[in-house]
Number of protein chains: 2
Amino acid sequence: MPRSTFFNLPEERRNRLVREAITEFAERAYVEASLSQIAVRARIPKGSFYQYFEDKLDLYRWLLTEEVPRRKQEFLGVSPPVGGFWARLEHHVERGMAFLVEHPRLARLTAAAADPSAIAEVRGLHRSICEAGVAELRALLEEGVAEGAIRTPGADLEHATRLVSAVIGPGLTDLVLQELGAELHEVLGSDSLRRRLGGARRRRLAAWAIQFIRGGLDTGAPRSSTRKRQP
Amino acid sequence: MPRSTFFNLPEERRNRLVREAITEFAERAYVEASLSQIAVRARIPKGSFYQYFEDKLDLYRWLLTEEVPRRKQEFLGVSPPVGGFWARLEHHVERGMAFLVEHPRLARLTAAAADPSAIAEVRGLHRSICEAGVAELRALLEEGVAEGAIRTPGADLEHATRLVSAVIGPGLTDLVLQELGAELHEVLGSDSLRRRLGGARRRRLAAWAIQFIRGGLDTGAPRSSTRKRQP
DNA sequence: GTCCCATGCGACCGGTCGGTCATATGACCG
DNA sequence: CGGTCATATGACCGACCGGTCGCATGGGAC
């Protein structure tokens, strides 16, 4: 966690630091990212940085576990659970795409949890973020089971969650980039791409993905309901 | 490409270098990987390394585009196209999982194509590998369309390919790791995990994944067949 | 023998990194 | 005013990196 001095910082200075840190960690993996560069770009002496954070990992961890999720929540708002399960899931997916389009750098930081790393602490951090995401999705799918929208029996819900997670994570990201006709790195420089991928197209894509997932869960799961769990 | 001196090397020395390079690049992303470490572990002076390769990227590129694909082909063998489309796809998926289980390090190098990188050349290399993989899968799915096994009209095949790719790529990898109860990094140290994930369980998982994909393609695609392409 | 040349080799180079430390600054207190 | 204390600062540190360079070596050609 940041030191108290960080939170006492004049707002403009603190914002500069956070903004440049997000940019750096969005464009470069943890090891590639350079504190010196962040400091220079934020016009904050490196010595001062260490008054605000314990070290590089402290900053990274705070971004991934506090700042980015906070901003994501802010963007998503509180979405009241309206409509049937599939409509809710579709809405969830569409909002996720909207976040990717409106805040590419924040979305990239969220996705960084899937990056490999040779540093054990970073791996652990990424892992915990991944698992939290999977748990959230599993809870959502469990609602679908409870409502009878999904016929998957409990034993396979874990597997189903993983596949669905891959579809709405890397799969949809890939698809969105394809639609934009751009690479991730080009997209990061832009603050907002809403002009290139508006709500209508996003909703069409989301509906399409939901059809894919719905079909997969409907026919895929029940046939393997008799498999045994590993000991 | 490696220099000619590399291919003239005594076999044992060359194998040591290749083995240690594969290990290093499997465990660490490109930027994290250290030539010095590879050289030390392969007991080859760093000066000598530069007799064999232009630079670090030359080695990495050769591994990703030549050596690893060659070994993968060797492992997969020439699989004659027998059975219907879905049976063939299932076989394809099962063999992919087998490769992951029997040669985790090689499989990890193949998957490295999805890693982000701030180095333009590395990004380009990764991108070309990814696109090649997608093209291969698309060709396969086109067979399915030709045979009438998939009802997806042509316009959406590109999108469908991307989602299927996410399922059998990151999705299945995640699922396999879940089955193994291990993290990727733990798995890399082992040469073979066949005792922990044998053919029977692999086939069950593959069949499960195919059901998921089949259901997704059957119901998901046709409904959006009327959408317009972007200008 | 002597020359040549491909290859082996490790000390060395410039550069960047994450992180530290001695000092400077300036607000507040007596 | 002098003293104290939190904070600001940038020169500096040791480690490591990818890559180079000049010398060593050794097997033919003659």
Side-chain angles (χ1 to χ4, degrees), chain A residues 1-18 20-25 27-64 117-123 125, chain B residues 1-18 20-25 27-64 117-123 125:
Chain A
M1 283 293 290
R3 303 175 191 272
S4 62
T5 52
F6 174 67
F7 298 107
N8 295 334
L9 237 37
E11 201 180 337
E12 204 250 334
R13 190 179 166 97
R14 194 178 61 234
N15 286 344
R16 272 206 322 262
L17 177 54
V18 172
E20 298 303 329
I22 287 176
T23 300
E24 180 77 2
F25 282 119
E27 288 177 355
R28 314 172 113 82
Y30 178 78
V31 275
E32 302 184 78
S34 158
L35 268 194
S36 306
Q37 278 300 314
I38 294 174
V40 165
R41 285 207 265 257
R43 281 176 295 134
I44 286 176
K46 221 162 65 167
S48 297
F49 172 84
Y50 284 90
Q51 303 274 0
Y52 312 142
F53 290 91
E54 291 279 346
D55 51 25
K56 186 184 180 183
L57 183 59
D58 192 28
L59 166 61
Y60 188 64
R61 187 191 301 116
W62 179 73
L63 285 177
L64 257 60
S117 173
I119 301 166
E121 285 100 336
V122 174
R123 273 209 314 279
L125 173 60
Chain B
M1 284 291 291
R3 304 173 191 274
S4 61
T5 51
F6 175 67
F7 298 107
N8 294 333
L9 236 37
E11 200 181 339
E12 204 249 334
R13 190 179 166 98
R14 195 178 60 235
N15 285 345
R16 271 205 322 261
L17 177 53
V18 172
E20 297 304 330
I22 287 176
T23 299
E24 181 76 3
F25 283 119
E27 288 177 355
R28 314 173 113 83
Y30 178 78
V31 274
E32 301 184 80
S34 158
L35 270 194
S36 307
Q37 278 302 313
I38 295 175
V40 166
R41 286 208 264 256
R43 281 175 296 134
I44 286 177
K46 223 162 62 167
S48 296
F49 171 84
Y50 283 90
Q51 303 273 359
Y52 312 142
F53 290 90
E54 291 280 347
D55 51 24
K56 186 184 179 183
L57 183 59
D58 191 28
L59 166 62
Y60 188 63
R61 188 191 301 117
W62 179 74
L63 285 177
L64 256 60
S117 173
I119 301 167
E121 286 99 335
V122 174
R123 273 209 313 280
L125 172 61

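Model, not experiment: these values are computed from the prediction. Letters A, B, ... mirror the listed sequences (proteins, then strands); counts begin at 1.
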**Q** Would you check if B/F53 and B/L17 make a side-chain contact, meaning some heavy-atom pair closer than 4.5 Å?
**A** yes
**Q** For each nucleotide in nucleotides 5-23 of chain C, reading 5' to 3', give B when a protein heavy atom comes within less than 4.0 Å of its base, S when such contact involves only the sugar-phosphate, and - otherwise.
**A** --SBBB------SBBB---
**Q** Measuring from B/R16:CZ to B/I38:CD1, what's the distance to the nearest 0.5 Å?
**A** 14.0 Å
**Q** Before you tell me yes or no, could you show the steps for A/F25 and A/L64 under side chain to side chain contact (heavy atoms under 4.5 Å, CB included), namely the whole-Å CA-CA distance, both residues' side-chain angles and the distance that decides it to 0.1 Å?
**A** CA-CA 10 Å; A/F25 282 119; A/L64 257 60; 6.0 Å; no
**Q** Does any non-hydrogen side-chain atom of A/Y52 lie less than 4.5 Å from one of A/L59?
**A** no
**Q** Do B/Y30 and B/L125 make a side-chain contact, defined as non-hydrogen atoms from C-beta onward lying under 4.5 Å apart?
**A** no
**Q** For C/dG30, which nucleotide in any strand shown is its Watson-Crick or wobble partner with both distances under 3.5 Å?
**A** D/dC1
